[in-house]
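Structure first, commentary second.
Numbers for residues simply follow the sequence, beginning at 1.
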Amino acid sequence: MAAAGGLSRDLLDRVAARLPDAPLVVALSGGADSAALARCLLALGRAVRAVTVDHGLPASGDLVEGARRVAAELGLDHEVVEVPPASGEGPLRDVRLEALEAAARPGEVVATGHTADDQAETVLGNLLRGAGAAGLSGIPGSRTGWVRPFLGVTREEARAAADGLPFVDDPDNVDPDVRRSWLRTRAIPFLEDREGDRVRPALRRAGGLLAADDALLERRAAAVPVLRRDPFVAVAAAPLTTLPGPVAARVARRLLRTAVPPYAGAADDVDGVLQVARSGRSRSVLGRLVSREGGLVVVGPEATEPPGPADLGTGIRWGRWTFTVGGDGPGLSRRSALLPADRRPFRVRAWAPGDRLDTEIGSKPVAEILREVGVPARFRPEWPVVDADGTMAWVVGGRLATWARPDPTATTIRITAREARWTSATS
């Protein structure tokens, strides 16, 4: 049955079933697939505009002009976004996606013209590079801010739907030196010569089955929260050592992606995180230090610079710590102390190698005190101590110097230190 603009009702129904209830911005490349998608969206009565990314490549001028003509023919509001030069399929894709996300207005969803044939080529390409379930799932039909309504539409159907529009064919699509084009024009036709027309449907079906497996594994991995306390991110170590391998690997990958967005997570790096969780031995991954700190696996800078010394006054922020001076409390803890008021002003600083604290049994290295009270090695360089006129009074979370323990009849002042909590990285 024919629909508006000569498009079949069946085609429009398949596209409509994949669309979100949101205004759409179509990624109009200038080629047939995105032109057909734009026509379908308009025929469905959807609010849509078009954005074209100009990569500045030799063929970009013709493609941008084709996109302009298609937009004019369809009456679309059209924007062209120029991006810095890039080379290679991966970097070009990343730049394009970033530009489209930036061009989308609040509430808009970006719609791309990827077809069922693109899906088959993606699955085969990812198989050849040794991808796991996530890669072999192919192109996701949707994710936050993105939708691909043509994944159930063949390239042949899309081209027929673009008939009569002034689109331009991208010469890279038939260049065998471009990997995706080699898959399209050489590899899949070769397989079809041997196996017939079932090759593309089989690849798409395999991708769909693996997508379901991938979604289940992702849900289990997402149940393990990634925590943030700048400049660090962390996950609990126990899931990395007790969950089934495929799930633990995804937790580690999510940790790395949070630390170094939008990093995809190479297998060797993921395995490095898992080894740290099992062995407790720190290692460098992606220029970050991965370490086991108590019950956490932490990713952060190789080295951090603590804040400089600061007078406590009536209270200050010092790095990830908040110090309050004065006030009442229900009692004392390792994070609060009563110090002789007559020794003010007090100062907070990072402890340094060689620092010692006077105790009942003599001078004791601060480094030893920090180990005794369980301060993780990773956080010791930024650990605060409080002194008075250069004489150390208190190792926060540890001990008071003997001289700083006031006489019961003396006037005292309460100092309380609160360390910033770990929070959900997704909140």
Original post:
Just how far is it from atom CG of Asp355 to atom NZ of Lys364, taken to the nearest 0.5 Å?
Top reply: 15.0 Å
**OP:** Keeping the roles fixed (side chain from Glu121, backbone from Arg180), state whether a donor-acceptor pair exists under 3.5 Å.
**Re:** no
Original post:
How many angstroms lie between CG in Asp214 and CG in Leu209, if you round to the nearest 0.5 Å?
Top reply: 12.5 Å
**OP:** Calculate, to the nearest 0.5 Å, the distance between atoms CZ and CZ belonging to Arg155 and Phe150 respectively.
**Re:** 12.5 Å
Original post:
Minimum heavy-atom separation for Ala310 to Ile316, with atom names?
Top reply: CB-CD1, 3.8 Å
Subject >> Side chain Arg281, main chain Ser291, donor-acceptor under 3.5 Å >> reply: no
Original post:
Of the non-hydrogen atoms in Asp62 and Val168, which two are nearest, and what is the gap between them?
Top reply: O-CG2, 3.6 Å
Original post:
Could you state the interatomic distance from CG (Leu19) to SG (Cys40), rounded to the nearest 0.5 Å?
Top reply: 9.5 Å
Original post:
Is there a side-chain contact between His55 and Glu82, using heavy atoms and a 4.5 Å cut-off?
Top reply: no
Original post:
So does Arg105 pair up with Glu79, basic N to acidic O under 4.0 Å?
Top reply: no
**OP:** Calculate, to the nearest 0.5 Å, the distance between atoms CD1 and CG belonging to Ile188 and Leu203 respectively.
**Re:** 6.0 Å
Original post:
Donor-acceptor pair, Ser137 side chain versus Ala211 backbone, under 3.5 Å?
Top reply: yes
Original post:
Counting N and O atoms only, with roles assigned by atom type, does the side chain of Arg378 sit under 3.5 Å from a partner on the main chain of Gly300, one being a donor and the other an acceptor?
Top reply: yes
Original post:
Is a salt bridge present between Glu101 and Arg96, judged by a nitrogen-to-oxygen distance below 4.0 Å?
Top reply: no
Original post:
Hey, are Asp311 and Arg347 close enough for a salt bridge, meaning a charged N less than 4.0 Å from a carboxylate O?
Top reply: no
Original post:
When you measure from the side chain of Trp318 to the backbone N and O of Gly308, does any donor-acceptor pair fall under 3.5 Å?
Top reply: yes
**OP:** List the atom of Leu136, the atom of Leu210, and the distance in Å for their closest heavy-atom pair.
**Re:** CB-CD1, 3.4 Å
**OP:** Please tell me if the side chains of Val396 and Trp321 come closer than 4.5 Å, counting only heavy atoms from C-beta onward.
**Re:** yes
Original post:
Hey, what do you get for OG1 (Thr304) to CD (Glu382), rounding to the nearest 0.5 Å?
Top reply: 3.5 Å
Original post:
Which residue pairs satisfy the side-chain hydrogen bond (donor to acceptor under 3.5 Å, both in side chains) criterion with at least one member in residues 216-238, sequence neighbours excluded?
Top reply: Glu218-Arg250, Arg229-Glu419
**OP:** State plainly whether the residues Asp10 and Arg14 are in salt-bridge range, i.e. N to O under 4.0 Å.
**Re:** yes
Subject >> Salt-bridge contact Asp117-Arg200 (side-chain N to carboxylate O under 4.0 Å) >> reply: yes
**OP:** Kindly give the heavy-atom pair with the smallest separation between Val64 and Thr52, and that separation in Å.
**Re:** CG2-CG2, 4.2 Å
Report all side-chain donor-acceptor pairs from residues 267-277 shorter than 3.5 Å, counting only partners two or more places apart or in another chain.
| residue | atom | partner | partner atom | Å |
| --- | --- | --- | --- | --- |
| Asp269 | OD2 | Tyr263 | OH | 2.2 |
| Asp271 | OD2 | Gln275 | NE2 | 2.6 |
| Gln275 | OE1 | Arg283 | NH1 | 2.9 |

Subject >> Minimum heavy-atom distance between Leu400 and Ala337, given as atom pair plus value >> reply: CD2-CB, 3.9 Å
**OP:** Indicate yes or no: does Arg148 engage Asp118 in a salt bridge with an N to O separation below 4.0 Å.
**Re:** no
Original post:
Does any N or O in the side chain of Ser34 come within less than 3.5 Å of the main-chain N or O of Ser29, such that one atom is a donor and the other an acceptor?
Top reply: yes
Original post:
When you check the gap from the basic side-chain N to the acidic O, do Arg198 and Glu192 get nearer than 4.0 Å?
Top reply: no
